[in-house]
Protein chains: 4
Amino acid sequence: MLAPQAQTRRERRIAERQAQILEAAAIEFSQKGYGRATTREIAARADLSEGTLYNYFNNKQDLLSGVARTFADDITQKIAAIEADNIEDMMTQLLTDRFSSGRERRLFMLFLYEAPLNPDVQRIYVQEALYRIIDATEERFRQLIASGAMRPVDPATAAQAISATIMGFGALFELGRHARSKNGKEPFSAQTMGQEVTDLFFNGMRPAQDGN
Amino acid sequence: MLAPQAQTRRERRIAERQAQILEAAAIEFSQKGYGRATTREIAARADLSEGTLYNYFNNKQDLLSGVARTFADDITQKIAAIEADNIEDMMTQLLTDRFSSGRERRLFMLFLYEAPLNPDVQRIYVQEALYRIIDATEERFRQLIASGAMRPVDPATAAQAISATIMGFGALFELGRHARSKNGKEPFSAQTMGQEVTDLFFNGMRPAQDGN
Amino acid sequence: MLAPQAQTRRERRIAERQAQILEAAAIEFSQKGYGRATTREIAARADLSEGTLYNYFNNKQDLLSGVARTFADDITQKIAAIEADNIEDMMTQLLTDRFSSGRERRLFMLFLYEAPLNPDVQRIYVQEALYRIIDATEERFRQLIASGAMRPVDPATAAQAISATIMGFGALFELGRHARSKNGKEPFSAQTMGQEVTDLFFNGMRPAQDGN
Amino acid sequence: MLAPQAQTRRERRIAERQAQILEAAAIEFSQKGYGRATTREIAARADLSEGTLYNYFNNKQDLLSGVARTFADDITQKIAAIEADNIEDMMTQLLTDRFSSGRERRLFMLFLYEAPLNPDVQRIYVQEALYRIIDATEERFRQLIASGAMRPVDPATAAQAISATIMGFGALFELGRHARSKNGKEPFSAQTMGQEVTDLFFNGMRPAQDGN
DNA sequence: AATGAATGAGACTTCATTCAT
DNA sequence: TATGAATGAAGTCTCATTCAT
């Protein structure tokens, strides 16, 4: 009982340290990008020495991988937690969700950018998270179509379109577009935006025909 | 007549060199990202010495700005060249267009990523190109709505949604998603993709109601 | 008790390293001037890697500032240590003192040259050291005049004249003038020089008048 | 007659070009120092291309040598032009002269600084100008002493003291000391300064004794 | 396990000099 | 003879990584 417990406590402390470091790394990476972030400042933010960083991670790339894994898990869970039996609810939740945290959006951009340059990020964030989410969305669409709750479009295309839109909105937000007020109205709220876009996807742009 | 001609020749040579350098820079940046690209390799690819680079550009950042301007001009022209008087054509062209060149997509990602870290990129690519395109799209939507060719959705939201979707698809392509064949069919073609997505935006996902 | 002691040891080591680096920098700067001295050779002389230099100083300019401060402190202390209640002693000491070390003279020239090009040197060496010394000298002259030990010349001019002479002799020595033997006598000694110049300043050049 | 004339015209043009370049070099060197001045800006100031510079001078060092020679000739002539048969006039003129032009003072500092680093400057400016002036001064002092117009101090020391003082005042002026007003009086004028310092050297600091 | 000083490879950049036009 | 684009050596500085304490 003693050894396993000590082992467990040790493992717990290691996990805590790693989380503490990854938290700091996430902040630095999100603010400065991967290239401009320095291990020195990550260590400083984690209130550790630079040397200690290397007791928990092999190198800077691993820090990015670690951050990617954290956020991959996070987004996967959030998406999985969405409960909706009609398409409108589901889309609103999908769209609203990604508009939340600034740091999250920034890291999202970072992962997209780094993925082609960094196999770990590609694997951890893109393949194990993004693609699975898209696949799951496709499967849900397939079900909705089967149940007649959705027009029989190509579910793969629809899933990608939805995902692409969410990703694109993340980028637009990040680029500051959301700050623009339109027509004197208040600047976009994520909530309103989600609803309007959902309406667009759901009802389409085609003008109502005939007596509709 | 002599001086202007000589002047012109000199200017032409300078423009050529700059183009030659920017071409090399665009390739290096697109392949390695801004931080990992080196002036040495840009020079080598342009078949010039490193010092010569600095006869035409002040620093590495200016190389990125130059590349950004080139592609900002390019995309602006392409978008402006779109001629469509019905919404379906317009959307198809918008969506199809951005799926073309791989390097272009990679640089697009680069600009999105760098914009918040680099005021020049933010100004040149985001504000002077992306935003104007979105604004022009909004204006077109406004006209289509006025003419009854489009359902009276909020034109600003619609313009952003379309733009976000295009941007997102650019990213998805870049991430390799397009390489996946679905259902044994051939992998996506930009053409097909554009048409399907246009259908989605145009007709929406809502199942046909009533006797429709 | 533990923390302060550890802190002190660390600070002591840092101070030692800085001194070690500044020593090397002083030698390189004095031998080659600021522009021709290289961080590489400073590091080599300090028996450190080039990178380590930058753990202790921000840049090459700071190395020069550091050297300037060291020598500013040094000269200020030496001047302040002069004890003389009659003008002859004081002048002899003032004049003799600056003729001592070759490196010191070379750095003195360097600071004079760099001061107009380098605000730090101007502030550290010129304003905080040279000017204060001149001011202090003026004040001493003022007292000597008040006590009747000195002819009532303008004390500011006199202080500047003395200072200028010392500075000029420093330069002349540095230029190798002192190496010239005159009339077959031995080359100047700082001692002799000091006495003769003092005599000159004290008694003037005017021939004795009347029956003197 | 033709060849020599053409030769002469050619030589004249060469001399003009050289003077034009040296003028530009003098300005740049005086403003920025030798190391920080660039051949590019010297060429620009001389309204020439960089390449042309190298048709008239072998390298940057030669530019400095050329400037040194110009100013060495200049100062030698000025000193030689001094006409004075009594010591007061002579000293006033000596002292006043060097306080004149700012650029001249700056170059003077430059030559003093560069001399130990640059054999040409050492030879041209220091040995062929400065030392000769000091020697000539010593000789004049010798004559004045012989004629009883000057107290029999050591003429070599006196000549060096005078020279050192002039050099030192040049430095002090350059360091901005002259800008300080004293006692509410106007800031120093070269004229006043020269007179006061002459009085100091001539009459000494010793208080008047007895019934004087 | 923590530290942080030391390292050194390598990046960007400058600039005196050359040379084809 | 004048030009100025091209060169490349050399300089300053950064920073991920290591290792003795």
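This structure is a prediction, so every number in the text was calculated from the model and none was measured. Each chain gets a letter, A, B and so on, in the order its sequence line appears, and its residues count up from 1.
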### Task
Take the protein atom CZ of Arg36(C) and the nucleotide atom C1' of dC15(E), then report the distance between them rounded to whole Å.
15 Å

### Query
Tell me: CD of Glu41(B) to C1' of dC12(E), nearest whole Å?
14 Å

## Note on the structure
Closest to the 5' end of DNA chain F, once Lys60(C) and Asn58(A) are matched to their nearest nucleotides, is Lys60(C)

#### Entry: Atom-pair distance (CD on Glu28(B); C1' on dA11(E)), nearest Å
14 Å

### Query
Base, sugar-phosphate alone, or nothing: which one does Ala37(A) contact when heavy atoms must sit under 4.0 Å apart?
sugar-phosphate

### Query
Any donor-acceptor pair under 3.5 Å linking the side chain of Thr70(C) with the backbone of Gly66(C)?
yes

### Task
Quick one, give me the B/S/- string for nucleotides 3-10 of chain E, reading 5' to 3', where B means a protein heavy atom under 4.0 Å from the base and S means that only happens at the primed atoms, P, OP1 or OP2.
BBSBBB--

### Query
In whole angstroms, how far is the P atom of dA1(E) from the CZ atom of Arg12(A)?
16 Å

#### Entry: Side-chain N,O (Tyr54(B)) to OP1/OP2 (dT14(E)) below 4.0 Å
no

#### Entry: Euclidean distance, atom CG of residue Asp62(B) to atom P of dC12(E) [Å, nearest integer]
14 Å

### Message
Using side-chain heavy atoms (C-beta onward) and a distance below 4.5 Å, is Leu112(B) in contact with Leu112(A)?
### Response
no

## Note on the structure
Glu16(D) CD to dT1(F) C1', in whole Å, measures 15 Å

### Query
Angle class for the Phe71(A)/Phe111(A) ring planes (parallel below 30°, perpendicular above 60°, tilted otherwise)?
tilted

### Query
Under 3.5 Å, side chain of Lys60(A) to main-chain N/O of Tyr34(A), donor-acceptor pair present?
yes

### Query
In whole angstroms, how far is the C1' atom of dC12(E) from the CZ atom of Phe29(B)?
12 Å

### Task
In plain terms, say whether Glu28(D) and Arg40(D) are close enough for a salt bridge, that is, a side-chain N and a carboxylate O under 4.0 Å apart.
no

### Query
Just how far, in rounded Å, is P of dC12(E) from CG of Leu63(B)?
10 Å

### Task
Give the C-alpha distance, both sets of side-chain angles, the deciding distance and a yes or no for side-chain hydrogen bond (donor to acceptor under 3.5 Å, both in side chains) between Gln61(C) and Asp120(C).
CA-CA 8 Å; Gln61(C) 294 267 0; Asp120(C) 281 344; over 6 Å; no

### Task
Applying side chain to side chain contact (heavy atoms under 4.5 Å, CB included), run through Arg17(C) and Leu22(C) and close with a yes or a no.
CA-CA 8 Å; Arg17(C) 270 276 191 266; Leu22(C) 287 181; over 6 Å; no

### Task
Anything below 3.5 Å on both distances counts as a pair; with that, list the stems of at least three consecutive Watson-Crick or G-U pairs involving DNA chain F.
E:2-21 with F:2-21

### Query
Run the side chain to side chain contact (heavy atoms under 4.5 Å, CB included) check on Asp74(D) and Glu104(D) step by step: do they pass?
CA-CA 10 Å; Asp74(D) 182 60; Glu104(D) 213 167 340; 3.4 Å; yes

#### Entry: Any Thr39(D) side-chain N or O less than 4.0 Å from OP1/OP2 of dA16(E)
yes

### Query
Sequence neighbours excluded, which residues qualify as side-chain hydrogen bond (donor to acceptor under 3.5 Å, both in side chains) partners of Ser30(D)?
none

